[in-house]
Amino acid sequence: MDSSILIATILDWHSEIDRNLPWKYNSSPYKIWISEIILQQTQVVQGLRYYERFVDRYPTVHDLASSTESDLLKVWEGLGYNSRARYLHQSAKRIVDEFGGKFPVEYSDILSLKGVGDYTASAISAFAYEQPHVAVDSNVERWVSRYYGIASYKSSQSLKTEVKSILLPVVEKHESPAECNQAFIDFGALVCTAKQPKCIDCPLSQTCYGYAQSKTADYPLVKPKVPRKKRYFHYLVAVDNGHVVINKRLNKDIWQGMHEFPLYESDSLQDLTHQDLCRYFDINESTSIESIISYQQILTHRIIIGKFYLCKLKRGTVKIGQWMSVDQVKKIAVAGIVRLYLADNMFIFNDINKIENGK
DNA sequence: AATACGTGGGC
DNA sequence: TGCCCAAGTAT
(Lines give C-alpha, C1' and ligand atoms only; values in the text may rest on other atoms or scores of the structure.)
Protein backbone atom coordinates (compact mmCIF):
# COMPACT_ATOMS: atom_id res chain seq x y z
CA MET A 1 0.00 0.00 0.00
CA ASP A 2 1.20 3.49 -0.78
CA SER A 3 2.42 5.15 2.39
CA SER A 4 0.18 8.19 1.96
CA ILE A 5 -2.89 5.95 1.80
CA LEU A 6 -1.56 4.04 4.78
CA ILE A 7 -1.28 7.21 6.81
CA ALA A 8 -4.71 8.35 5.71
CA THR A 9 -6.09 5.07 7.03
CA ILE A 10 -4.40 5.59 10.40
CA LEU A 11 -5.58 9.19 10.64
CA ASP A 12 -9.09 8.03 9.86
CA TRP A 13 -8.83 5.41 12.60
CA HIS A 14 -7.47 8.03 14.97
CA SER A 15 -10.33 10.46 14.33
CA GLU A 16 -12.52 8.22 16.48
CA ILE A 17 -10.01 7.89 19.29
CA ASP A 18 -10.03 10.18 22.31
CA ARG A 19 -7.53 9.29 25.00
CA ASN A 20 -8.15 12.62 26.71
CA LEU A 21 -4.67 13.05 28.10
CA PRO A 22 -4.01 16.32 29.95
CA TRP A 23 -1.00 17.36 27.87
CA LYS A 24 -2.67 16.70 24.54
CA TYR A 25 -4.40 19.81 23.31
CA ASN A 26 -3.66 23.52 23.70
CA SER A 27 -0.79 22.78 26.01
CA SER A 28 2.21 25.04 26.39
CA PRO A 29 5.60 23.94 25.07
CA TYR A 30 6.71 23.80 28.69
CA LYS A 31 4.00 21.34 29.69
CA ILE A 32 4.54 19.25 26.58
CA TRP A 33 8.21 19.11 27.43
CA ILE A 34 7.43 17.95 30.98
CA SER A 35 5.01 15.31 29.74
CA GLU A 36 7.46 13.93 27.19
CA ILE A 37 10.25 13.66 29.73
CA ILE A 38 7.97 11.92 32.22
CA LEU A 39 6.76 9.52 29.54
CA GLN A 40 10.26 8.38 28.55
CA GLN A 41 10.33 4.62 29.20
CA THR A 42 7.24 5.10 31.36
CA GLN A 43 3.68 3.96 30.77
CA VAL A 44 1.01 6.62 30.48
CA VAL A 45 -0.92 5.23 33.46
CA GLN A 46 2.18 5.38 35.58
CA GLY A 47 3.24 8.88 34.54
CA LEU A 48 -0.16 10.55 34.69
CA ARG A 49 -0.29 11.32 38.41
CA TYR A 50 3.33 12.48 38.38
CA TYR A 51 2.54 14.86 35.54
CA GLU A 52 -0.40 16.37 37.45
CA ARG A 53 1.66 16.77 40.60
CA PHE A 54 4.60 18.17 38.68
CA VAL A 55 2.82 20.92 36.76
CA ASP A 56 0.79 21.74 39.84
CA ARG A 57 3.98 22.29 41.79
CA TYR A 58 5.95 23.88 38.94
CA PRO A 59 3.43 25.68 36.70
CA THR A 60 6.09 27.56 34.72
CA VAL A 61 9.69 27.08 33.68
CA HIS A 62 10.59 29.85 36.15
CA ASP A 63 9.11 27.89 39.04
CA LEU A 64 11.12 24.88 37.94
CA ALA A 65 14.35 26.80 37.49
CA SER A 66 14.11 28.45 40.92
CA SER A 67 13.44 25.13 42.59
CA THR A 68 16.21 22.88 43.91
CA GLU A 69 17.39 19.57 42.56
CA SER A 70 16.59 17.94 45.90
CA ASP A 71 12.98 19.15 45.84
CA LEU A 72 12.66 17.94 42.28
CA LEU A 73 13.96 14.49 43.13
CA LYS A 74 11.44 14.24 45.95
CA VAL A 75 8.60 14.96 43.53
CA TRP A 76 10.15 12.41 41.16
CA GLU A 77 10.60 9.73 43.84
CA GLY A 78 9.07 6.42 42.77
CA LEU A 79 9.04 7.20 39.07
CA GLY A 80 12.52 5.97 38.22
CA TYR A 81 15.34 7.11 35.94
CA ASN A 82 15.77 10.17 38.11
CA SER A 83 18.50 11.66 35.94
CA ARG A 84 15.44 12.86 34.04
CA ALA A 85 14.57 15.08 36.99
CA ARG A 86 18.12 16.35 37.35
CA TYR A 87 18.33 17.17 33.64
CA LEU A 88 14.91 18.84 33.81
CA HIS A 89 16.21 21.20 36.47
CA GLN A 90 19.42 21.81 34.56
CA SER A 91 17.55 22.56 31.35
CA ALA A 92 14.98 24.79 33.07
CA LYS A 93 17.79 26.97 34.36
CA ARG A 94 19.27 27.11 30.86
CA ILE A 95 15.95 28.11 29.34
CA VAL A 96 15.68 30.98 31.83
CA ASP A 97 19.30 32.05 31.46
CA GLU A 98 19.93 31.55 27.75
CA PHE A 99 16.49 31.68 26.16
CA GLY A 100 15.04 34.47 28.28
CA GLY A 101 12.55 32.13 29.92
CA LYS A 102 10.90 31.35 26.62
CA PHE A 103 10.91 27.73 25.54
CA PRO A 104 13.13 27.32 22.44
CA VAL A 105 11.40 26.90 19.07
CA GLU A 106 14.26 25.69 16.88
CA TYR A 107 14.61 21.91 16.73
CA SER A 108 18.37 22.17 17.23
CA ASP A 109 17.90 24.32 20.34
CA ILE A 110 15.33 21.93 21.77
CA LEU A 111 17.63 18.99 21.06
CA SER A 112 20.48 20.75 22.83
CA LEU A 113 18.63 20.54 26.15
CA LYS A 114 19.93 17.87 28.52
CA GLY A 115 17.60 14.90 28.69
CA VAL A 116 16.09 15.70 25.30
CA GLY A 117 17.04 13.30 22.53
CA ASP A 118 15.74 12.90 19.02
CA TYR A 119 12.39 11.43 20.06
CA THR A 120 11.59 14.14 22.60
CA ALA A 121 12.81 17.01 20.43
CA SER A 122 10.68 15.75 17.55
CA ALA A 123 7.64 15.30 19.78
CA ILE A 124 7.92 18.82 21.18
CA SER A 125 8.48 20.29 17.71
CA ALA A 126 5.41 18.57 16.33
CA PHE A 127 3.03 18.84 19.31
CA ALA A 128 3.91 22.34 20.46
CA TYR A 129 4.85 24.06 17.20
CA GLU A 130 3.33 21.97 14.39
CA GLN A 131 6.76 21.54 12.84
CA PRO A 132 7.20 18.59 10.47
CA HIS A 133 9.09 16.05 12.58
CA VAL A 134 8.43 12.40 13.33
CA ALA A 135 8.71 11.25 16.94
CA VAL A 136 9.74 7.62 16.63
CA ASP A 137 9.09 5.84 19.89
CA SER A 138 8.69 2.14 20.60
CA ASN A 139 5.02 2.25 19.57
CA VAL A 140 5.75 3.77 16.18
CA GLU A 141 8.72 1.60 15.30
CA ARG A 142 6.77 -1.49 16.32
CA TRP A 143 3.87 -1.06 13.90
CA VAL A 144 6.03 0.20 11.06
CA SER A 145 8.49 -2.69 11.39
CA ARG A 146 5.64 -5.21 11.52
CA TYR A 147 3.75 -3.68 8.64
CA TYR A 148 6.75 -3.60 6.31
CA GLY A 149 8.60 -6.56 7.78
CA ILE A 150 11.67 -4.51 8.60
CA ALA A 151 14.16 -6.86 10.23
CA SER A 152 15.99 -4.33 12.35
CA TYR A 153 16.60 -4.29 16.06
CA LYS A 154 14.27 -2.56 18.48
CA SER A 155 15.46 0.96 19.37
CA SER A 156 18.33 0.71 16.87
CA GLN A 157 19.40 3.77 14.96
CA SER A 158 18.89 1.97 11.67
CA LEU A 159 15.26 1.17 12.47
CA LYS A 160 14.54 4.72 13.59
CA THR A 161 16.11 6.09 10.42
CA GLU A 162 14.11 3.70 8.27
CA VAL A 163 10.85 4.53 10.05
CA LYS A 164 11.50 8.24 9.65
CA SER A 165 12.22 7.91 5.97
CA ILE A 166 8.80 6.33 5.52
CA LEU A 167 6.75 8.66 7.71
CA LEU A 168 8.45 12.04 7.32
CA PRO A 169 7.46 12.68 3.68
CA VAL A 170 3.82 12.16 4.62
CA VAL A 171 3.99 14.38 7.69
CA GLU A 172 5.61 17.10 5.60
CA LYS A 173 2.61 17.14 3.29
CA HIS A 174 0.02 17.08 6.06
CA GLU A 175 -1.41 20.22 7.63
CA SER A 176 -0.98 18.95 11.19
CA PRO A 177 2.23 17.17 12.20
CA ALA A 178 0.84 17.09 15.75
CA GLU A 179 -2.18 15.10 14.65
CA CYS A 180 -0.04 12.73 12.55
CA ASN A 181 2.36 12.00 15.39
CA GLN A 182 -0.41 11.49 17.93
CA ALA A 183 -2.08 9.06 15.55
CA PHE A 184 1.18 7.16 14.92
CA ILE A 185 1.82 6.74 18.63
CA ASP A 186 -1.76 5.90 19.58
CA PHE A 187 -1.98 3.33 16.82
CA GLY A 188 0.98 1.44 18.23
CA ALA A 189 -0.18 1.89 21.81
CA LEU A 190 -3.78 0.78 21.25
CA VAL A 191 -3.90 -1.50 18.18
CA CYS A 192 -0.44 -2.76 17.26
CA THR A 193 0.43 -3.53 20.85
CA ALA A 194 3.59 -5.31 21.95
CA LYS A 195 1.73 -8.34 23.25
CA GLN A 196 -1.38 -9.71 21.57
CA PRO A 197 -1.80 -7.05 18.90
CA LYS A 198 -5.44 -6.34 17.95
CA CYS A 199 -5.07 -7.52 14.35
CA ILE A 200 -8.77 -8.43 14.21
CA ASP A 201 -9.70 -4.78 14.63
CA CYS A 202 -6.76 -3.41 12.69
CA PRO A 203 -7.58 -1.33 9.58
CA LEU A 204 -4.19 -2.27 8.09
CA SER A 205 -4.22 -6.04 8.63
CA GLN A 206 -5.08 -6.88 5.02
CA THR A 207 -1.87 -5.32 3.73
CA CYS A 208 0.35 -5.98 6.77
CA TYR A 209 3.44 -8.13 6.17
CA GLY A 210 3.70 -9.29 9.77
CA TYR A 211 0.03 -10.31 9.86
CA ALA A 212 0.19 -12.09 6.50
CA GLN A 213 3.22 -14.09 7.64
CA SER A 214 1.89 -14.60 11.17
CA LYS A 215 5.11 -13.02 12.35
CA THR A 216 3.97 -9.96 14.27
CA ALA A 217 5.84 -11.30 17.29
CA ASP A 218 9.10 -11.31 15.33
CA TYR A 219 9.17 -7.58 14.63
CA PRO A 220 11.07 -5.61 15.54
CA LEU A 221 14.05 -7.85 16.31
CA VAL A 222 15.02 -8.07 19.97
CA LYS A 223 18.57 -8.69 21.11
CA PRO A 224 19.14 -11.31 23.79
CA LYS A 225 19.17 -9.63 27.14
CA VAL A 226 22.27 -9.67 29.27
CA PRO A 227 21.89 -11.31 32.67
CA ARG A 228 21.46 -8.91 35.55
CA LYS A 229 24.44 -8.45 37.81
CA LYS A 230 23.90 -8.49 41.54
CA ARG A 231 25.04 -5.77 43.86
CA TYR A 232 25.10 -6.14 47.62
CA PHE A 233 24.38 -3.01 49.63
CA HIS A 234 24.94 -3.16 53.37
CA TYR A 235 23.28 -0.32 55.23
CA LEU A 236 23.90 0.75 58.79
CA VAL A 237 20.61 2.00 60.20
CA ALA A 238 21.90 4.02 63.11
CA VAL A 239 19.12 5.42 65.27
CA ASP A 240 18.93 7.60 68.32
CA ASN A 241 15.74 8.97 69.81
CA GLY A 242 13.73 9.54 66.66
CA HIS A 243 16.72 10.31 64.48
CA VAL A 244 18.66 8.28 61.92
CA VAL A 245 21.92 8.78 60.02
CA ILE A 246 21.50 9.68 56.34
CA ASN A 247 23.86 10.26 53.42
CA LYS A 248 23.34 11.60 49.94
CA ARG A 249 24.51 9.56 46.94
CA LEU A 250 26.90 11.78 45.01
CA ASN A 251 28.72 9.41 42.65
CA LYS A 252 27.80 8.81 39.03
CA ASP A 253 25.91 5.67 39.89
CA ILE A 254 22.41 4.43 40.48
CA TRP A 255 20.19 6.77 42.52
CA GLN A 256 22.48 9.75 42.13
CA GLY A 257 21.32 12.64 44.26
CA MET A 258 19.03 10.50 46.39
CA HIS A 259 19.48 9.61 50.04
CA GLU A 260 20.33 6.43 51.90
CA PHE A 261 21.79 5.13 55.13
CA PRO A 262 25.58 4.80 55.52
CA LEU A 263 26.57 2.20 52.92
CA TYR A 264 29.18 -0.47 52.46
CA GLU A 265 29.02 -2.41 49.20
CA SER A 266 30.38 -5.95 49.05
CA ASP A 267 30.53 -8.60 46.36
CA SER A 268 28.82 -11.38 48.27
CA LEU A 269 25.53 -12.25 49.89
CA GLN A 270 27.28 -12.85 53.23
CA ASP A 271 26.13 -10.78 56.16
CA LEU A 272 28.75 -8.40 57.42
CA THR A 273 30.29 -9.57 60.67
CA HIS A 274 30.24 -7.40 63.75
CA GLN A 275 33.91 -6.77 63.13
CA ASP A 276 33.23 -5.70 59.56
CA LEU A 277 30.56 -3.28 60.76
CA CYS A 278 32.93 -1.75 63.31
CA ARG A 279 35.59 -1.31 60.67
CA TYR A 280 33.50 -0.03 57.78
CA PHE A 281 31.24 2.27 59.78
CA ASP A 282 33.60 3.29 62.55
CA ILE A 283 31.30 2.21 65.36
CA ASN A 284 32.19 1.04 68.85
CA GLU A 285 32.64 -2.69 69.40
CA SER A 286 30.11 -2.63 72.23
CA THR A 287 27.38 -1.57 69.81
CA SER A 288 24.86 -4.34 69.34
CA ILE A 289 22.92 -5.05 66.17
CA GLU A 290 19.17 -5.18 66.83
CA SER A 291 18.17 -6.74 63.54
CA ILE A 292 19.33 -7.59 60.05
CA ILE A 293 16.62 -7.33 57.41
CA SER A 294 17.04 -7.93 53.66
CA TYR A 295 15.20 -6.42 50.73
CA GLN A 296 15.68 -6.96 47.03
CA GLN A 297 15.02 -4.65 44.13
CA ILE A 298 15.19 -5.68 40.49
CA LEU A 299 16.37 -3.06 38.04
CA THR A 300 16.82 -3.22 34.29
CA HIS A 301 20.47 -4.31 34.48
CA ARG A 302 20.94 -4.99 38.17
CA ILE A 303 19.58 -6.82 41.13
CA ILE A 304 20.15 -4.84 44.29
CA ILE A 305 20.25 -6.83 47.51
CA GLY A 306 19.97 -4.50 50.45
CA LYS A 307 20.84 -5.58 53.97
CA PHE A 308 19.87 -3.30 56.80
CA TYR A 309 21.73 -3.52 60.10
CA LEU A 310 19.76 -1.73 62.79
CA CYS A 311 21.62 -0.38 65.79
CA LYS A 312 21.42 2.36 68.40
CA LEU A 313 24.12 4.98 68.46
CA LYS A 314 24.57 8.24 70.31
CA ARG A 315 23.95 11.29 68.25
CA GLY A 316 27.09 13.39 68.01
CA THR A 317 29.42 10.44 68.30
CA VAL A 318 28.98 9.42 64.69
CA LYS A 319 30.58 11.07 61.71
CA ILE A 320 29.40 8.73 58.99
CA GLY A 321 26.50 10.91 57.89
CA GLN A 322 23.91 13.43 58.93
CA TRP A 323 21.41 12.82 61.73
CA MET A 324 17.85 13.44 60.56
CA SER A 325 14.45 13.36 62.25
CA VAL A 326 11.40 11.56 60.85
CA ASP A 327 10.07 14.81 59.46
CA GLN A 328 13.32 15.53 57.69
CA VAL A 329 13.51 12.05 56.24
CA LYS A 330 9.98 12.35 54.92
CA LYS A 331 11.00 15.45 52.98
CA ILE A 332 13.99 13.97 51.18
CA ALA A 333 14.10 11.62 48.20
CA VAL A 334 15.43 8.22 49.21
CA ALA A 335 16.92 5.44 47.09
CA GLY A 336 14.45 2.77 46.03
CA ILE A 337 15.83 0.00 48.23
CA VAL A 338 15.78 2.35 51.23
CA ARG A 339 12.19 3.26 50.44
CA LEU A 340 11.32 -0.43 50.54
CA TYR A 341 12.92 -0.75 53.96
CA LEU A 342 11.28 2.36 55.36
CA ALA A 343 7.86 1.30 54.13
CA ASP A 344 7.99 -1.60 56.61
CA ASN A 345 10.23 -0.25 59.32
CA MET A 346 9.18 3.24 60.29
CA PHE A 347 9.21 2.03 63.89
CA ILE A 348 12.93 2.75 63.94
CA PHE A 349 11.96 6.36 64.62
CA ASN A 350 10.10 5.39 67.78
CA ASP A 351 11.93 5.85 71.04
CA ILE A 352 14.63 3.48 72.16
CA ASN A 353 12.51 1.62 74.70
CA LYS A 354 9.97 0.65 72.10
CA ILE A 355 12.69 -0.79 69.89
CA GLU A 356 14.09 -2.75 72.84
CA ASN A 357 10.64 -4.18 73.41
CA GLY A 358 10.72 -5.40 69.86
CA LYS A 359 7.99 -3.15 68.55
C1' DA B 1 27.55 0.02 19.37
C1' DA B 2 26.98 -1.36 23.91
C1' DT B 3 25.85 -0.39 28.48
C1' DA B 4 23.77 1.95 32.41
C1' DC B 5 19.95 4.04 34.21
C1' DG B 6 14.17 2.73 37.90
C1' DT B 7 9.94 1.34 38.68
C1' DG B 8 5.49 -0.83 38.25
C1' DG B 9 2.17 -3.51 35.67
C1' DG B 10 0.65 -7.54 32.85
C1' DC B 11 0.41 -12.32 32.05
C1' DT C 1 7.19 -16.70 39.71
C1' DG C 2 9.89 -14.90 36.25
C1' DC C 3 10.11 -12.37 32.31
C1' DC C 4 8.75 -8.76 29.18
C1' DC C 5 7.68 -4.18 28.40
C1' DA C 6 7.23 0.88 28.76
C1' DA C 7 5.86 8.28 24.73
C1' DG C 8 14.55 7.09 25.57
C1' DT C 9 18.98 9.47 26.72
C1' DA C 10 23.81 9.91 27.94
C1' DT C 11 28.24 8.26 27.62
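Bear in mind the structure is a predicted one, so any value in this text is a computation, not a measurement.
Of the candidate nucleotides B/dG6, B/dA2, B/dT7, B/dG6 has the atom lying nearest to any side-chain atom of A/Gln41. Nearest nucleotide to the A/Lys154 side chain, out of C/dA6, B/dG6, C/dA7: C/dA6. Comparing B/dC5, C/dG8, C/dA6 by their nearest atom to the side chain of A/Arg302 picks out B/dC5. Here C/dA7 is the nucleotide among C/dA7, C/dC4, B/dC5 with the atom lying nearest to any side-chain atom of A/Trp23. Side-chain proximity of A/Leu21 to C/dC3, B/dC5, C/dA7: nearest is C/dA7. Ranking B/dT3, B/dG6, B/dT7 by closeness to the A/Asn82 side chain, first place goes to B/dG6. Among the nucleotides B/dG6, C/dA6, C/dA7, the one closest to any side-chain atom of A/Arg142 is C/dA6.
Between A/Lys252 and A/Ser155, the residue anchored closer to the 5' end of DNA chain C is A/Ser155, taking for each the nucleotide with the nearest heavy atom. Along DNA chain C, the nucleotide nearest to A/Ala194 and the one nearest to A/Lys160 differ in position, and the one closer to the 5' end is contacted by A/Ala194. Toward the 5′ end of DNA chain B lies the nearest nucleotide of A/Asp253, the other residue of the pair A/Asp253 and A/Gln46 mapping further downstream. With DNA chain B read from its 5' end, the first of the two nearest nucleotides for A/Lys229 and A/Gln196 is the one closest to A/Lys229.
Here the CG-CZ distance, from A/Asp276 to A/Phe281, works out to 9.5 Å after rounding to the nearest 0.5 Å. Put simply, CG on A/Leu6 and OG on A/Ser4 are 8.5 Å apart, with the number rounded to the nearest 0.5 Å. Atom CD1 of A/Ile289 and atom NZ of A/Lys312 lie 11.0 Å apart (nearest 0.5 Å).
Using a 4.0 Å heavy-atom distance criterion, A/Ile37 is classed as making no nucleic acid contact. At the heavy-atom level, A/Gln256 lies nowhere under 4.0 Å from the strands shown. Residue-level contact check: A/Trp76 touches neither bases nor backbone, having no heavy atom under 4.0 Å from any strand. Across all strands, A/Gly117 comes closer than 4.0 Å only to sugar-phosphate atoms, never to a base (heavy-atom distances). Looking at heavy-atom distances under 4.0 Å, A/Ser138 makes contact with sugar-phosphate atoms alone, never a base. Residue-level contact check: A/Gln182 touches the bases, meaning some heavy atom is under 4.0 Å from a base atom. Counting non-hydrogen atoms under 4.0 angstrom, A/Leu79 reaches a base of the nucleic acid. Using a 4.0 Å heavy-atom cutoff across all strands shown, A/Arg19 reaches at least one base atom of the nucleic acid. A/Lys24 comes within contact range of no nucleotide atom at all, as no heavy-atom separation falls under 4.0 Å. Contact annotation for A/Val116: backbone-only contact, meaning every heavy-atom pair under 4.0 Å involves sugar-phosphate atoms and none involves a base.
In this model, a side-chain donor or acceptor of A/Lys195 finds a partner on the base of C/dC4 within 3.5 Å. Residue-to-nucleotide contacts include no donor-acceptor pair under 3.5 Å from the side chain of A/Thr120 to the base of C/dG8.
For A/Tyr235 and A/Tyr264, the gap between ring centers reaches or exceeds 6.0 Å. Checked against the 6.0 Å centroid criterion, the rings of A/Phe99 and A/Phe103 do not qualify as a close aromatic pair. A/Tyr107 has its ring centre less than 6.0 Å from the ring centre of A/His133.
Of the side-chain N and O atoms in A/Trp255, one or more sit less than 4.0 angstrom from OP1 or OP2 of B/dT7.
Of the P atoms belonging to B/dT3 and C/dA7, the separation is 24 Å, rounded to the nearest Å.
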